[in-house]
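The figures that follow rest on heavy atoms only: side chains count, while hydrogens, waters and symmetry mates do not. A note on names: the letters A, B, ... follow the listed sequences, proteins ahead of strands, and every chain is numbered from 1.
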Amino acid sequence: MSGVRPWQSNASPVSPAAGSIMRVCWLVSKDGRHQPIRLAHAVCVMIGRSPETKITDKKCSRHQVQLKADYNKGYVLVKQLGINPSYVNSEDLRRDQEVKLKPGQDLYVVNRLYPYTIRFEEGTSDRDTLSPKRTHEEICPNSSSKMSNKHLKTEDSNPRQYHTFNSKSEEKKEKTKDGHLAENSSNSVTLVNSSDASGQKDFKGMWSQGLKVSMQDPKMQVYKDDKVVVIKDKYPKARFHWLVLPWESLSNLKVVRRDHLTLLQHMHQVGQKLVQECLDTDTLKFRLGYHAIPSMSHIHLHVISQDFDSPCLKTKKHWNSFNTDYFLESEDVMKMVEQNGKVTVKDGIAELLKLPLMCHVCQQQQSTIPQLKQHLKKHLS
DNA sequence: GTTCTAGAAC
DNA sequence: GTTCTAGAAC
């Protein structure tokens with residue numbers, strides 16, 4: 001990245017975006033009677049006694065349950081239509097009763113028989129939605145290719161707040177170590193082996209997967225190279241607020257090991273470079289670091305200016321997540337990984353989010369967020 | 001992560 | 001009465 005000033009006029013043009021990322025939901029027969037059935041978004045699908053489900057039980061209606069997937073909310077609405085009860089989430093359903101079926105929960109189509117579960121996946125082409133999840137090898141048999149060039153472009157839509165320098169879209173993306181992000185030779189991306197996606201006990205909903213989608217979106221990308229991508233925080237808590245994300249699938253700091261140290265160092269260097277290249281760097285201070293317990297999946301390094309002048313900064317949690325020890329300095333994280341081979345977070349660190357609001361410049365306590373924001377104006381040059 | 005809103009705080 | 005926040009829902 002040395003010498004690169006991505007927003008300058010000689011940057012490369014942006015090529016057409018790859019296919020937009022789409023989600024797909026599968027109804028999976030837990031006893032393996034048949035292949036997964038695709039549930040399209042907001043489309044009612046009837047499940048019951050049929051050749052497709054291979055259910056021949058006469059107690060099962062041909063229209064036993066109606067399923068409607070909601071890709072935005074990350075669940076499937078189950079409506080019982082048959083006479084005999086279906087069973088979801090430890091509850092027998094009545095006729096016409098509707099319940100939400102979430103990843104990790106089971107649906108028994110009738111009389112606690114014929115178990116199903118659902119699985120949400122993501123892909124960038126229609127083709128990805130036509131067949132169930134494939135292994136990385138199935139998708140990308142020759143997966144040694146890597147992105148080689150750095151292509152950057154300026155597109156400064158908001159000079160005060162952002163340099164939006166989109167990266168030139170590369171047609172082929174890299175396979176990650178564990179196959180989380182894989183791409184075949186015809187320009188489709190599928191999230192496979194989503195270690196923290198649907199079905200996991202710590203799955204919080206589709207919203208928590210948003211960074212994985214954003215980082216793949218050329219319109220969101222501010223910088224990218226073969227190891228990392230930078231995007232603007234969608235809800236910036238300061239005038240400048242970027243996220244540096246590795247292509248490699250790392251859900252959070254908990255999975256980081258010594259092997260990842262060079263990656264963390266690279267993320268830090270890219271973050272520092274963003275700061276150096278920022279036109280307001282003379283007047284603004286920046287911090288680089290990680291949230292101890294991030295809400296969003298996929299590890300991300302915050303690069304944030306210390307003005308905290310943003311309408312998106314609204315809550316005590318927002319403030320304290322950047323202004324207490326909940327914010328782990330990138331340099332401290334790297335040291336920890338170097339010395340201990342992993343990152344450890346103190347017990348009870350989430351309690352820091354509830355601390356009284358304190359100005360990060362003069363340490364004066366403020367009683368409310370509006371007061372704090374008013375106070376912060378004093379420190380703005 | 002955000003949005004929404006009931007009820008606490010003023 | 002209005003402002004603000006915490007927690008639920010997504």
Side-chain angles (χ1 to χ4, degrees), chain A residues 21 23 25 39 41-42 68-78 88-89 98-105 118 120 122 191 194-217 220 222 229-238 240-245 249-254 289-304 308 310-324 326-328 345 348-359 365-377:
Chain A
I21 291 186
R23 290 176 182 147
C25 178
L39 304 176
H41 173 66
K68 188 161 77 171
D70 188 323
Y71 287 19
N72 298 321
K73 293 172 180 168
Y75 61 68
V76 171
L77 202 58
V78 178
V88 173
N89 200 18
E98 285 186 315
V99 293
K100 293 170 188 169
L101 177 66
K102 296 179 179 174
Q105 296 181 331
I118 56 164
F120 283 91
E122 294 169 356
L191 290 166
S194 300
S195 58
D196 44 7
S198 59
Q200 295 289 309
K201 66 177 190 296
D202 59 345
F203 181 76
K204 299 173 206 165
M206 291 306 291
W207 59 262
S208 69
Q209 310 299 310
L211 286 179
K212 291 177 185 171
V213 177
S214 295
M215 66 186 278
Q216 300 293 335
D217 182 354
M220 301 289 285
V222 165
V229 61
V230 180
I231 60 174
K232 296 179 298 184
D233 193 297
K234 193 174 174 184
Y235 299 91
K237 305 301 184 292
F240 296 90
H241 188 180
W242 294 292
L243 306 177
V244 184
L245 304 106
S249 174
L250 292 170
S251 55
N252 54 52
L253 286 173
K254 283 189 278 188
Y290 301 84
H291 281 156
I293 309 170
S295 300
M296 303 294 281
S297 190
H298 203 99
I299 195 167
H300 51 282
L301 171 67
H302 291 270
V303 179
I304 183 165
F308 295 106
S310 167
C312 298
L313 195 151
K314 295 176 177 174
T315 70
K316 180 179 271 190
K317 181 177 176 179
H318 290 156
W319 179 257
N320 283 333
S321 71
F322 289 101
N323 290 286
T324 66
Y326 192 91
F327 189 79
L328 307 174
V345 169
I349 202 152
E351 295 304 305
L352 298 178
L353 297 175
K354 299 174 185 170
L355 286 174
L357 299 167
M358 186 184 281
C359 173
Q365 200 163 307
Q366 305 295 322
S367 56
T368 66
I369 287 287
Q371 279 185 22
L372 171 67
K373 296 184 88 160
Q374 190 63 34
H375 173 86
L376 291 176
K377 288 179 184 171

- Message: For a quick check of understanding: with a heavy-atom distance under 4.0 Å over all strands, which category does A/Lys314 fall into, base, sugar-phosphate or nothing?
- Response: sugar-phosphate

- Query: Hey, where on DNA chain C does chain A first and last touch, going 5' to 3'? Cut-off is any atom under 4.0 Å from a heavy atom.
  - Reply: C/dC4 to C/dC10

- Message: What's A/Lys102 touching, base or sugar-phosphate or nothing? Going by heavy atoms closer than 4.0 Å.
- Response: nothing

- Any residue meeting ring-ring contact (aromatic ring centres under 6.0 Å, His included) with A/Tyr75, in chain and number order, not counting sequence neighbours: none

- Item | A/Gln209 versus A/Lys212, side-chain donor and acceptor atoms under 3.5 Å | yes

- Which is true for A/Ile369 with a 4.0 Å heavy-atom rule: it touches a base, it touches only sugar-phosphate, or it touches nothing? sugar-phosphate

- Item | For A/Thr324, all residues meeting side chain to side chain donor-acceptor pair (under 3.5 Å), sequence neighbours excluded | none

- Task: For A/Lys237, answer base if it contacts any base atom (sugar-phosphate contacts may also be present), sugar-phosphate if it contacts only those atoms, and nothing otherwise; contact means non-hydrogen atoms under 4.0 Å.
- Result: sugar-phosphate

- Contacts of A/Lys354 that satisfy salt bridge (charged side-chain N to carboxylate O under 4.0 Å, His left out) - sequence neighbours left out: A/Glu351

- Sorted by chain and number, sequence neighbours left out, ring-ring contact (aromatic ring centres under 6.0 Å, His included) with A/His318 holds for none

- Message: Tell me every residue that passes ring-ring contact (aromatic ring centres under 6.0 Å, His included) with A/His300, counting only those two or more places apart in sequence or in another chain.
- Response: A/His302

